[in-house]
Amino acid sequence: MKLGNILVSVLSLEAIALCLIASFRFINIESTVMLLIFNFLFASLTFQLNGTLSRKLSMLILGNIIGLSWNFIFYFFEITGTIQFGKIFDAFYTLFNPLLNLMWIVSFWSLCLAALPNIRNVKTEAKA
Amino acid sequence: MIEALEVLFLLLTSLMIAYLTRHYIFTLTVLKRAKQTEKTTLLLTNYKPTVSILIPARNEEKVIERLLQRMIELTYPKDKLQVIVIDDASSDSTGKIADKYSGQHSFMEVLHRDKTKGGQGKASAMNAGFKHSTGEIILCFDADYYPQKDIVEKLTREFKDPKVGAVQGRVVVLNEPQNMVTRLVALERIGGYRVDQEARDNLGLIAQFGGTVGGFRRSVLESLGGWDESILAEDTDLTFKIYLAGYKVCYVGDAECYEEAVDNWKAYSKQRYRWARGHMQCCFKHSLKVLKSRNLGAKEKIDGLLLLNVYFMPIVVLLSFVIGVPLIFFDHSMLVGALWFSVPISLYSFVGNFAPFFEVGIGAYLDGRTRTQCLIPLLIVTFFYNIPICTKAFLDLLVSKILRKDSNIWVKTSHIGNGNSYIVN
């Protein structure tokens, strides 16, 4: 592994860790769990596909930032809803939060796959 | 009361997590396999058994000609080939088209069934064709399918292994660009064949015979008594009979055949209802036998049971949602909150195989389907659509079991030949 790659990996891991800490500290445990699910799926499956490490890491960081922002928005929405409608809104938030989170996870995941160089194309290039 | 609901919720979500874990393992297996050097598949030229191809056809005038033309183009020696078209009481010109071809080619035969015997479902037509066949290997193709020229060689080479009782090739959607329904069916097929079947075959689990693009060793099919006409999913029934008899089904991923997929939601729901109900019948019929079988290992038994119960999953997800909502509102414990995460992930799954979004995504990636991948978020639509279909199938089956009136009305999927324009020779 090149030194550059190691540096990029370490910095990326730090960025992801920061996102996770921020979600836990400033939002709630549910948002951290959703980010962990995303990171687990992305790291275990997408990292095995073709494409440079820096591209995959960039996607992973971008995903964490999107997830963090998404959860921030819905967290503020939950606070506003709870002030307006009382504690019952909190239950609604718990109910729909994973579903809403899956919406960005699945969409982002499918876009990332489309952005990675295809396994068939790589094989054809290698043969040529 | 709350405790009882919590226990039920725990059971249902555990089942969902078991399926998600299973499919995660499938995805990892296929990815690992794809990274390895491609296995060189030699076509064993010295193994050329006699082959009978059965083509059941009922009112298929718009699609059958392209398949019969393809039968002529097959590279398999024609002196070892017998093609039997079973004209199952068609009211259109299917029989005449088949007669025209059989008149020109000696290896083709047509079996006409009149209205008294015909029209009783695919299993009945297949049994009639099977009685008429002579080949050592029996292959079957639906009339709307379009196989590769060398598909017979690819499918039959696996029968060299005496443990192989049946083979299954890969189904690819021919009319994928037609509309959103065909695109989603194509994604479903990718998840089901490129990942699910491939992984099950690699891991030594229960690879499934899908009713078409596959075949059997004659002696095995004879010993099993042919197709069960009382079951709507006769393919799943045969799959389990084969495994219970000590044989296995081999999946041949490079034997591709192109199908004309359903192109509207109404046809989709009819087809899925039939599959769901048939699969549930198989579940009632085989679950206990799978558990007791001495021919199956522990991992095969677990996979077999999960496979048999797959069409119950939309009902399980619906139930867990119904139970989960009051639990969250009235007793929001940490356990319920933690398990609640499995429900939305399950919603992004296909129903026929419970392939979650990550499995379908990886399958599409391995197939090089860049544009199709972008449709993966729409999996949630098909799942919601399938919940009432599977629930109705289950309730209908339950009522028919209670009333002891298990009437199976075979609702045939009609094909209008939209796939013809996508064939490029």
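What you are looking at is a predicted structure, and each value in this text was computed from that prediction instead of being measured. Quick note on labels: first sequence line is chain A, next is B, and so on, each numbered from 1.
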- Task: Name the region of I29(A), side chain, backbone, both or neither, that has any atom closer than 4.5 Å to a heavy atom of chain B.
- Result: neither
Which donor-acceptor pairs under 3.5 Å do side chains of residues 180-188 of chain B form with protein atoms, sequence neighbours excluded?
residue, atom, partner, partner atom, Å
T182(B), OG1, N175(B), O, 3.2
T182(B), OG1, E176(B), O, 2.9
T182(B), OG1, N179(B), N, 3.0
T182(B), OG1, N179(B), O, 2.8
T182(B), OG1, N179(B), OD1, 3.3
R183(B), NH2, P177(B), O, 3.4
E188(B), OE1, R272(B), NH1, 2.7
E188(B), OE2, R272(B), NH1, 2.6

- Over all atoms of both residues, closest heavy-atom pair of S110(A) and Q373(B): CB-O, 3.1 Å
- For the residue pair I105(A) and Y348(B), establish whether any side-chain heavy-atom pair is separated by less than 4.5 Å. no
- Could you tell me which residues in residues 377-390 of chain B have at least one non-hydrogen atom under 4.5 Å from a non-hydrogen atom of chain A, sorted by residue number? P377(B), I380(B)
- So F357(B) and L102(A), side chain to side chain contact (heavy atoms under 4.5 Å, CB included) or not? Walk me through it. CA-CA 10 Å; F357(B) 71 92; L102(A) 253 287; 3.9 Å; yes
- Query: Would you call T46(A) and Y365(B) a side-chain contact if the rule is heavy atoms closer than 4.5 Å?
  - Reply: no
- Query: Going by residue number, which parts of residues 80-89 of chain A are within reach of chain B, meaning a heavy-atom gap below 4.5 Å?
  - Reply: I88(A)
- For F77(A), does the CZ atom have more than 12 heavy-atom neighbours from other residues, nucleotides or ligands under 6.0 Å away? no
- Query: Are Y24(B) and F40(A) close enough that their ring centres sit under 6.0 Å apart?
  - Reply: yes
- Using a cut-off of under 4.5 Å for heavy-atom pairs, which of L99(A), L113(A), L41(A), N97(A) has the most such pairs with chain B? L113(A)
- Message: Which atoms of L116(A) are under 4.5 Å from chain B, going by heavy atoms: the side chain, the backbone, both sets, or neither?
- Response: both
- Item | For W109(A) against G361(B), the heavy-atom pair lying closest together | NE1-CA, 4.2 Å
- Message: At a heavy-atom distance under 4.5 Å, which candidate from L347(B), L31(B), T372(B) has the highest pair count against chain A?
- Response: L31(B)
N/O donor-acceptor pairs under 3.5 Å from side chains in residues 334-342 of chain B, not counting sequence neighbours:
residue, atom, partner, partner atom, Å
W340(B), NE1, L95(A), O, 2.8
S342(B), OG, L339(B), O, 2.8

- Which bit of L45(A) is near chain B, if near means a heavy-atom gap under 4.5 Å: side chain, backbone, both or neither? both
- Message: Given heavy-atom pairs under 4.5 angstrom as the criterion, report whether the side chain, backbone, both or neither of L111(A) touches chain B.
- Response: side chain
- L49(A) versus I362(B): any side-chain heavy-atom pair under 4.5 Å? yes
- Under 4.5 Å to a heavy atom of chain B? For S44(A) that would be both
